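Remarks on the structure that follows.
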Amino acid sequence: RLNAEASDFNHHMERAGINYDYIISNPPFFINSLKTPSFSRNLARHSDDSLPVELLIAGASRLLQQAGRFGIVFPALQAHSFISKASENGLILKRRIDVKPFPHSEANRVLLEFSFSSQPVESNELVIREHPGLYTLEYRNLTTDFYLNF
């Protein structure tokens with residue numbers, strides 16, 4: 001049902017001639033993973049229950065202006081697959097930030113930005129914590145307007 005609603009929304013926006021400069025998403029991205037007893041929590045976290053990435057990518061590519069950009073937060077382990085699917089819809093990776101929980105950890109999330117134009121990809125990384133309980137200066141500067149306890 002939700003896939004149909006998302007598809008109907010995309011169709012309505014296309015018919016209205018509305019296109020966007022920037023679309024950003026932090027979609028549900030758990031795929032075929034263990035679920036909780038909470039329907040609403042599963043809906044928010046699992047793409048197979050709510051928003052398949054193929055539908056999200058297709059909708060973003062249809063709703064963006066030609067010079068528009070599409071940003072997304074996604075699991076690092078699934079980034080390659082997402083980038084490939086976006087490319088199939090004409091969206092080209094423009095920027096990638098690998099998000100690491102600690103300096104010596106592997107990235108667990110990526111921030112990806114796409115556009116329709118080809119250009120060199122900007123790559124960076126963001127480390128969240130120096131060690132448990134201590135956020136990095138870079139992360140604090142980035143998020144200070146959103147947290148009360150920094």
Side-chain angles (χ1 to χ4, degrees), residues 2-3 5-6 9-10 13 18-150:
L2 289 171
N3 290 342
E5 289 174 0
F9 175 76
N10 286 342
M13 299 307 276
I18 298 173
N19 291 98
Y20 297 92
D21 295 327
Y22 204 101
I23 296 172
I24 189 163
S25 180
N26 182 7
F29 48 66
F30 290 103
I31 300 170
N32 298 325
S33 61
L34 187 62
K35 295 183 180 177
T36 71
S38 169
F39 173 77
S40 60
R41 186 171 173 92
N42 291 334
L43 191 61
R45 301 182 81 189
H46 295 268
S47 65
D48 47 333
D49 286 341
S50 56
L51 182 61
V53 295
E54 294 83 4
L55 185 61
L56 174 62
I57 293 168
S61 68
R62 284 192 311 267
L63 295 172
L64 277 177
Q65 293 182 10
Q66 190 57 38
R69 293 177 294 161
F70 171 48
I72 190 162
V73 178
F74 217 68
L77 292 175
Q78 298 171 22
H80 180 74
S81 174
F82 190 91
I83 293 166
S84 293
K85 289 174 184 174
S87 178
E88 292 169 7
N89 284 270
L91 293 169
I92 301 163
L93 184 62
K94 174 182 177 143
R95 187 165 36 163
R96 176 185 179 136
I97 300 173
D98 290 293
V99 181
K100 299 168 67 172
F102 297 99
H104 301 294
S105 301
E106 293 292 320
N108 61 354
R109 299 284 181 266
V110 291
L111 309 176
L112 304 172
E113 186 178 69
F114 299 88
S115 69
F116 292 116
S117 61
S118 182
Q119 59 223 346
V121 177
E122 291 178 45
S123 292
N124 286 308
E125 73 175 31
L126 171 67
V127 178
I128 306 246
R129 292 181 181 89
E130 292 181 33
H131 55 76
L134 181 62
Y135 290 101
T136 62
L137 180 60
E138 181 182 18
Y139 183 77
R140 283 183 282 157
N141 287 340
L142 184 65
T143 61
T144 192
D145 291 340
F146 305 100
Y147 289 105
L148 300 174
N149 297 325
F150 274 163

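Everything numeric here is computed off the predicted structure, so don't read it as measured data.
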Can you tell me how far the [atom1] atom of [X] sits from the [atom2] atom of [Y], to the nearest 0.5 Å?
| X | Y | atom1 | atom2 | result |
| --- | --- | --- | --- | --- |
| Ser25 | Leu112 | OG | CG | 11.5 Å |
| Asn108 | Asp98 | CG | CG | 10.0 Å |
| Ile128 | Lys100 | CD1 | NZ | 11.5 Å |

Can you see which heavy atom on [X] is nearest to which on [Y], and at what distance?
| X | Y | result |
| --- | --- | --- |
| Val110 | Arg96 | CG1-NH2, 3.5 Å |
| Ala76 | Ala107 | CB-O, 3.3 Å |
| Leu142 | Phe146 | O-CE1, 4.2 Å |

For Gln119, side chain to side chain contact (heavy atoms under 4.5 Å, CB included) partners two or more places apart =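 Gln119 satisfies side chain to side chain contact (heavy atoms under 4.5 Å, CB included) with Lys94, Ser115, Ser117 only.
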List for me each residue that meets side chain to side chain donor-acceptor pair (under 3.5 Å) alongside Glu130, sequence neighbours excluded, and say none if there are none.
-> none
Tell me whether [X] contacts the main-chain N or O of [Y] through its side chain, where contact means a donor paired with an acceptor under 3.5 Å.
| X | Y | answer |
| --- | --- | --- |
| Thr136 | Tyr139 | yes |
| Ser61 | Ala58 | yes |
| Asp21 | Leu64 | no |
| Arg140 | Tyr135 | yes |

pair Ile72-Pro27: side-chain heavy atoms closer than 4.5 Å =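 When only atoms from C-beta onward are counted, Pro27 and Ile72 do touch, with a gap below 4.5 Å.
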Side chains of Gln78 and Val53: closer than 4.5 Å at any heavy-atom pair?
-> no
Can you sort out the partners of Arg95 under salt bridge (Lys or Arg N to Asp or Glu O under 4.0 Å), two or more places apart, ordered by chain and number?
->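 Arg95 satisfies salt bridge (Lys or Arg N to Asp or Glu O under 4.0 Å) with Glu113 once adjacent residues are dropped.
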ring-ring contact (aromatic ring centres under 6.0 Å, His included): which pairs involve residues 87-121, sequence neighbours left out?
->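 Residue pairs with at least one partner in residues 87-121: Phe82-Phe114.
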So the side chain to side chain donor-acceptor pair (under 3.5 Å) pairs with at least one residue in residues 80-92 (sequence neighbours excluded) are Glu54-Lys85
CD1 (Ile24) with more than 12 external heavy atoms under 6.0 Å =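 Yes, the 6.0 Å shell around CD1 holds more than 12 heavy atoms from other groups.
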Can you list, pair by pair, the side-chain donor-acceptor contacts under 3.5 Å of residues 120-127, counting residues two or more places apart and other chains?
none

